[in-house]
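This one's a predicted model, so the numbers in the text were calculated from it and none came from an experiment.
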Amino acid sequence: MQDQLSGLPVQQLLDRIHADLNADQAGEVADYIPELAAVDPDLFGIALVTLDGKVYQSGDSRHLFTIQSVSKPLTFGLALSEQGAATVERHVGVEPTGDAFNSISLEPHSGRPMNPMVNAGAIATTGLIKGATVTERFQRILECFSAYAGRPLTMNEAVYRSEKDTGHRNRAIAHLLRNFDMLTEDPEPDLDLYFRQCSVEVTCRDLAVIAATLANYGANPITGVEVIKLNDVEKLLSVMSSCGMYDYSGRWIYDVGLPAKSGVGGGIMAVLPGQFGLAVFSPRLDRWGNSVRGIQVCEALSRNFHLHMFRGLRSGSNVIRAKYDASMISSRRNRLPRIEKLLETHGNQTTVYELQGDLLIGTTEYVTREVIRAIDQSSTIVLDLRRVMEIDLAASQLSLIHI
Ligand code: GLU
């Protein structure tokens, strides 16, 4: 598969970006535990996975590293599916903090953590994962992450040990959460679970498949397995958009315009909904904790290919491919004289709209307005939907209301 893809434009593009940025040595690897400090800082991989499951990879895309904070949105999604949004939202908010990822800041009165992407919110979220023991609960997390990646993932034992031995700040946060009943029992098992989830090993390719699963509205594009429900994907991508890149999230969404999450292991995953998943692995981090080359790759791709998600929203006017009255329809088939006569007398009162593309709320609003205007002059309206790819449920309700 890879050989067949090597000559394709996207592959060449990733290789070119990789070559252009390869020499950049800006940033420092995370050094709060020895295992991360010892990582080869020059490692550099890029991967992009399309929604029909094509995998493009460049550089060290098969090298294992720990997922760290990229785990946070995934566990948030699992908590949403296990507990429902109302319970989850009682334990964690969805507001950006503007503070560092490990800041000890909770909402003043409730003690609720600000969002699931900072450590306080992530620990509270992990605390919601069901199961009788830590082992059982971790198994659920691991199965969930593995379904996203489309292969069985495992945990790096040494990283887990170090995280657990040195994670005093996270321990303080967890006990504070317990004080406000955001964790409802002994915080140590929840903390243990959080350290384990951060220590799961992935490759850059895995992260791109995970991102593509989110881009594909919850179904893994390679295995076809539905990992998360569409409603929850929406919530997860929202918090990634507003809080996914530490306290650089505002600038990120302004410049790059893709929901994303980074981790101190050097990984970044970014999602272009409905199009593809992208991941970069490069361990040198900037002062916010984001991979320096990771940001550069995403910026370059977004700039050159107009990937900003708000660019994807096009006007609805081209959804009407053609409009004519039925008297203008010619046919190679011989028509019955009766039909011929009918078309002759009534054809010009029948308006045909050939529609194309997706009927979403915006495009359907445009079509309904056009059709309502035509109703006065026509006795019959024909909507030719042969070239319509998708009809959004909400949009179909709109057309029912109006016509
Ligand atoms: N294990 C790290 C911590 O909780 C994760 C940090 C990160 O990737 O942001 O401190």
Side-chain angles (χ1 to χ4, degrees), residues 1-2 5 8 10-11 13-14 17-18 45-63 65 67-77 117 144-151 153 200 202-230 232-241 244-245 252-253 256-263 265-282 290-291 293-295 297-302 304-309 311-312:
M1 161 80 82
Q2 231 23 64
L5 295 179
L8 295 179
V10 171
Q11 185 60 48
L13 173 72
L14 295 190
I17 293 179
H18 189 279
I46 308 176
L48 185 149
V49 176
T50 66
L51 297 202
D52 63 344
K54 291 227 178 334
V55 180
Y56 294 94
Q57 313 184 63
S58 193
D60 303 307
S61 58
R62 295 171 183 83
H63 187 90
F65 58 97
I67 189 167
Q68 296 292 352
S69 279
V70 186
S71 63
K72 290 171 178 173
L74 309 184
T75 306
F76 178 58
M117 302 294 107
C144 169
F145 289 12
S146 300
Y148 271 108
R151 72 176 189 92
L153 301 178
V200 170
V202 287
T203 65
C204 183
R205 180 193 190 278
D206 291 329
L207 282 192
V209 178
I210 295 171
T213 301
L214 294 170
N216 197 28
Y217 308 113
N220 182 309
I222 296 174
T223 63
V225 171
E226 190 193 69
V227 185
I228 173 170
K229 296 260 176 281
L230 177 57
D232 293 337
V233 172
E234 211 170 273
K235 295 183 171 62
L236 200 149
L237 292 180
S238 301
V239 287
M240 282 168 64
S241 299
M245 301 295 284
W252 167 272
I253 209 69
V256 179
L258 301 174
K261 185 70 198 91
S262 64
I268 295 182
M269 69 165 176
V271 178
L272 186 53
Q275 299 204 41
F276 58 75
L278 170 69
V280 188
F281 165 55
S282 171
N290 295 312
S291 164
R293 287 186 296 195
I295 289 201
V297 170
C298 297
E299 277 177 356
L301 278 168
S302 180
N304 291 330
F305 295 94
H306 305 308
L307 301 184
H308 199 295
M309 58 181 173
R311 281 241 186 182

Check your understanding: From N290 CG over to I268 CD1, what is the distance, rounded to the nearest 0.5 angstrom?
Key -> 5.5 Å
**Study point:** M245 CE to C298 SG distance, which is reported to the nearest 0.5 Å
**Key:** 6.5 Å
Check your understanding: Rounded to the nearest 0.5 Å, what separation is found between the OG atom of S262 and the CG atom of L207?
Key -> 10.5 Å
Check your understanding: What's the verdict on side chain to side chain contact (heavy atoms under 4.5 Å, CB included) for R151 and V209, showing C-alpha distance, side-chain angles and the deciding distance?
Key -> CA-CA 10 Å; R151 72 176 189 92; V209 178; over 6 Å; no
Practice item. Of all the heavy-atom pairs spanning A208 and A279, show the shortest one and how long it is. Key: N-CB, 3.4 Å
Practice item. Decide side chain to side chain contact (heavy atoms under 4.5 Å, CB included) for D232 and F76; before the verdict, give the C-alpha distance in whole Å, the side-chain angles of both, and the deciding distance to 0.1 Å. Key: CA-CA 9 Å; D232 293 337; F76 178 58; over 6 Å; no
Review point. If you take all heavy atoms of G224 and A219, which pair is closest and at what distance?
Key: O-CB, 4.4 Å
Revision key, fill the gap. Scanning both residues in full, the closest heavy-atom pair of P73 with M269 reads CG-CE, 4.1 Å
Point to revise | Pairwise distance NE2(H63) to OG1(T203) - rounded to 0.5 angstrom | key: 10.5 Å
Exercise for review: Please report the shortest heavy-atom distance between L237 and P259, naming the atom on each side.
Suggested key: O-CB, 3.7 Å
Exercise for review: With the side chain counted from C-beta on, respond yes when V202 and F65 share a heavy-atom pair under 4.5 Å apart, and no when they do not.
Suggested key: yes
Practice item. Kindly indicate whether the side chain of L307, heavy atoms from C-beta on, has any atom under 4.5 Å from the side chain of L278. Key: no
**Study point:** Backbone of L153 reached by a side-chain donor or acceptor of S146 within 3.5 Å
**Key:** yes
Review point. Short question: side chain of N304, backbone of A300 - any donor-acceptor pair under 3.5 Å?
Key: yes
Review point. So, does W252 use its side chain to make a donor-acceptor pair with the main chain of L258 at under 3.5 Å?
Key: yes
Review point. Does any N or O in the side chain of N220 come within less than 3.5 Å of the main-chain N or O of T223, such that one atom is a donor and the other an acceptor?
Key: yes
Point to revise | Worked verdict on M309 versus V271 for side chain to side chain contact (heavy atoms under 4.5 Å, CB included) | key: CA-CA 9 Å; M309 58 181 173; V271 178; over 6 Å; no
Point to revise | OH on Y217 to CG on L51, rounded to 0.5 Å | key: 7.5 Å
Review point. From M240 CE over to K261 NZ, what is the distance, rounded to the nearest 0.5 angstrom?
Key: 8.5 Å
Point to revise | Minimal non-hydrogen separation, G77 against I228, with atom names | key: CA-CD1, 4.0 Å
Check your understanding: Between S282 and S291, is there a donor-acceptor pair closer than 3.5 Å when you use the side chain of the first and the backbone of the second?
Key -> no
Check your understanding: Any donor and acceptor pair, going by atom type alone, linking the side chain of T75 with main-chain N or O of K72 inside 3.5 Å?
Key -> no
Exercise for review: Quickly, which of L13, I46, V49, T50 forms a side chain to side chain contact (heavy atoms under 4.5 Å, CB included) with Y56? Name it, please.
Suggested key: T50
**Study point:** Shortest non-hydrogen separation from V55 to R205 and the atoms involved
**Key:** CG2-NH2, 3.6 Å
